[in-house]
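One-based numbering along the sequence shown.
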Amino acid sequence: MAAVKKRRWPYVLGGILALLVVIVAVVLWRLDAILLKTARDQAATYSQKLGRPIEIGDVSTKLFPYVGARIQNVSVGAAQGEDLPLAEVKDVTVSVQAMPLLTSKGKDIRVQNAEVSGLTVNVLRLADGTTNVQRLQQKLAEQQPKEETPEEESQPTDLSGVHVERAALTDGVIRFVDRAGGDKARELAVKDLDIDVKDLRVGQPLKVDLAAAVLADKQNLKMTLAAAPLPATLIPTPEQVTLKAEHIDLSPLGPFLPPDVGLQAGTLDADWKADLGGAVPGGKGPTKVVGVIKALGMKFAGSEGGKALDVVLDTDVTGDMATGDLALDKLKLDLGPAAITGQGKVKGLLTDKPAVEGFELTGRNLDPAVLAEYYPPLRKQLNGMIAGPIGLDVRGSGTQEAQALNIAVDLTPVRLRVPEQLTKDAGGAMKLNATVTGAAASGGALRFDAKADLNGVDLRPGLLVNKAPGQRLEVAAAGTYAPAKTGSGMTVNVSRMSLGALEDTVTGTATVTLAGTGKKATTTFKADVKAAKLDAEKLLMSEEEVLARNGGKLPPEPPVEANRFNGYRGDIQFAIASLRYTAMDLSNVTGVVKMVDDLITVEKFSTGIYGGKVVADGTTLRLGPAPEARPFTAKVQVQGLEVAQALAARTPKQVLTGKFNGNVDVQGVGYTQEKLQQTLLGGISGNLLEGTFLGKDLVSSVTGPLAKALPFAKALKSGDVTSLGGDLPFSVTIKNGVAQLSKPITWTRPEAAMSFDGGIGLDGTLDLTGGVSLTPATIKTLTVGKVTPTEAIPVGLKITGKAWSPEVTGIDVKPAATTILKLAGGAALSGVLGEKGKAVENIITGGEDKAKAEAEAKRQELEARANEEKKKLEEQARLEQEKAKQRAEEEAKKRLKGIFGGK
């Protein structure tokens, strides 16, 4: 029995293995079916989006010894009106080593082979001149959302576990089929297209080889890209590019290029190699470009007289951005009639010991308008912005001890038309001259000294600067430039700068440092600006001038990005002895403004204005939001401000005189009157010294109607002004566009005492309620000596309308007239009848009526007290009843509990 059992176990084990094989086979069969169905479902979805049928022939998988997938017969079909599929792929194969993938739990991915073979792309030109590729691009553009939210920066993916031994595209074909000619369709192709990548992994250099037969039977185009050892992200840093092309005829490709190119003929030859070095981000070392690229006999539709353009680039150039080395052993760029040539060497330009050896870089016949005669699409691209020969001349000069590069750019013969920015006629001065040297004092930074003559430029099309052709505009700057040691960013230190605009000159110094990239980019700056005189009113265009040049409309506000100032840090210090701005003459303008992101803080600001002094330390503003949504706070101290001068340019007529000392502390959003009426909050407090309210004599406004109500009075002479006393303190609270008095303002003059409460709108609308109390002396003058009261007599009134054209309304003179008449009548009888007259006077002035009134008032007071006492008694009785009711209810509950034994 034991022997039989021993002989059975191989059969049992074999059966198990066979079962496993069957199970794996079934799983693979079903897996392929599931994957194929999923792929076809996705293909159907994208078919609807693109308007083209997408088909997948088969999907097969393999799990051991390689995890692999093979996709066969994939096609992106023809859209409506097309007779050829856009693309076809015979076979896509990917194989990954299984054991490393399993043992590393998916972290070690070793791709043995990834290959695409039998790719055919059909570029079809249709009868209307468009291509199927252009139609596909348009369809993709329609799929994009109208407003794309910027993607947040994420950490780069670590792909250090990926190793691709081989990735390739083999036997590719790009066919160009022209159906626009009717039945006789033209067909050409880029055949035998091979792209090969080997040993793609972290730490290894990358090499990509491309070869193709371009419109020929054998391969005539070869390109190679070599990159530095790959980082963990597998994002390459190119180090070398080579290009070889053997007499490729470009004319058959013309119909398949965008219609606005219009290529009709031309050939391409190239034998060119570039060692990129530090010229690309992340690259290091010198850059070297050697070889020739020739595009000859290039003819384009619409060229004048069928002119052919020859473009030849012949280079043997070496440069090192880290040290400032540049060797032009050969540099020649021919663009038809135009040319740029260079020769000579520059060594150590960014060090403290630069050397220049016969360096020259010159331009000849660099006229974009002439080049557009050969290449008409350039005319559309330039859109008439530039025409005329550009002068370019860069030369080395100096001795062994002091060497420099002199750069001269002359645009004087050039006509410029830059929309919404500037214009310049041919012959108007526009030159740039600069000298560049090494700078020992700044630790190897590049030193520059540049001057620009822009007198011929017209800046008025920009609708900001009011500078016409021929008016002075000169810019000069000298300083140093140093690239960041980290390889990203730079520091520019301007030790001397000046701007001469019209009749004014601004001088100063500045430093700007750029660092970081993307959302982590920062701009740090510091500036110190000075000017003896600056007339900003002349330099900047007024609103009337803008409307006149812009068809009666103000230019629309450009769209703003709220975060556009993120990363800005710095401060600006300024001192201007005399500044003219928006009809204001300011003197000794000094300040320090600090910027952190979009927050502007005025750390210090003071200026002389309107005969006084203004200090605005602590004022803040945010520049990020659109102008109508920018929040601000204003903290202003004022001393000795002449109110009449301050209001003169803001009101049609004079309103107020005097000197103002006080504080303004407000906050709001936006700058227009409409926005401020909704958002302005805060307060103004201070004192008005020797003030006068113009346009209305409040005393005469009262005594005039009062004199008409009295038969014996004579109106006082009106002075059309109201004196506000020697020192008038006031305080207002601003809310919803109205400055409301915190408490009534009161002042006393010999003729009257006045008191008013209320507010004034930001548009100058008055809403004041108060009174004028006429002194006994004023009443005596008004009544021609007939009445001299012992106390002032008040008259109520309102002040409305605009501040510069006030209206006095609601004058109630009846109580005052009645009082004066009674006083006048009693005084007359007293003088005639003696003691009896006094009794009559007492009756006239209300003695008897007064007694009756007092008795009635006493009776009403006693009756009110009785009613109040009655209410108190009724309330006490109600409370006692409620208490008695509660006691009865509690007693009943206790008895019920005793009967039923409850708790």
Side-chain angles (χ1 to χ4, degrees), residues 239-241 272-293 312-334 338-364 366 390-410 431-452 476-485 487-496 514:
E239 287 188 331
Q240 187 183 85
V241 177
W272 187 77
K273 179 180 178 181
D275 294 317
L276 302 175
V280 296
K284 296 180 180 180
T287 300
K288 185 176 180 62
V289 180
V290 179
V292 180
I293 299 176
V312 179
L313 176 63
D314 190 354
T315 60
D316 187 355
V317 177
T318 305
D320 191 335
M321 299 184 67
T323 59
D325 294 345
L326 181 61
L328 302 183
D329 295 324
K330 182 188 292 184
L331 174 62
K332 185 178 182 181
L333 173 61
D334 291 329
I340 296 176
T341 60
Q343 62 181 4
K345 295 181 180 180
V346 178
K347 295 182 179 180
L349 190 61
L350 298 180
T351 69
D352 58 350
K353 295 180 179 180
V356 181
E357 299 176 7
F359 187 87
E360 294 182 6
L361 181 65
T362 58
R364 176 173 55 84
L366 298 178
I390 300 171
L392 173 65
D393 189 21
V394 182
R395 296 180 183 274
S397 66
T399 64
Q400 184 175 359
E401 290 77 18
Q403 297 189 353
L405 284 177
N406 297 314
I407 304 170
V409 179
D410 189 359
K431 298 180 181 180
L432 170 66
N433 291 279
T435 301
V436 180
T437 65
S442 60
L446 187 70
R447 182 174 293 280
F448 60 87
D449 191 341
K451 294 181 180 179
T480 60
Y481 158 83
K485 295 180 180 179
S488 175
M490 63 178 179
T491 296
V492 179
N493 182 18
V494 183
S495 57
R496 183 183 76 254
L514 305 181

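With rounding to the nearest 0.5 angstrom, the NZ atom of K273 is 9.5 Å from the NZ atom of K288. Here CG of L361 is found 5.5 Å from CG of L392. Values are rounded to the nearest 0.5 Å. Here NZ of K332 is found 11.5 Å from CG of L313. Values are rounded to the nearest 0.5 Å. Put simply, OG1 on T341 and CG on D314 are 12.0 Å apart, with the number rounded to the nearest 0.5 Å. Distance check, rounded to the nearest 0.5 Å: CG of N406 to OG1 of T437 gives 10.0 Å. A distance of 8.5 Å separates CG of D275 from OG1 of T287, quoted to the nearest 0.5 Å.
Smallest separation of non-hydrogen atoms from A339 and L366: O-CD2, 3.9 Å. In terms of heavy atoms, F448 sits closest to Y481 at CE2-N, 4.1 Å. Closest non-hydrogen pair, P286 versus T318, comes out as CB-CG2, 4.5 Å. Here the shortest heavy-atom pairing between A477 and V494 reads CB-CG1, 4.2 Å. Nearest heavy-atom pair across D329 and K345 is OD1-CE, 3.8 Å. When all heavy atoms are compared, the tightest approach of A434 to A450 is CB-CB, 3.8 Å.
No side-chain donor-acceptor contact under 3.5 Å links T315 to the backbone of L331.
Put simply, the residue from L432, V394, T435 that forms a side-chain contact (heavy atoms from CB on, under 4.5 Å) with I407 is V394. W272 pairs in a side-chain contact (heavy atoms from CB on, under 4.5 Å) with only one of the listed residues (V292, V290, V289), which is V289.
No side-chain heavy atom of L328 sits under 4.5 Å from any side-chain heavy atom of E360. The shortest side-chain heavy-atom distance between L276 and E239 does not fall under the 4.5 Å cut-off. Side-chain contact check for R395 versus T362: some heavy-atom pair is nearer than 4.5 Å.
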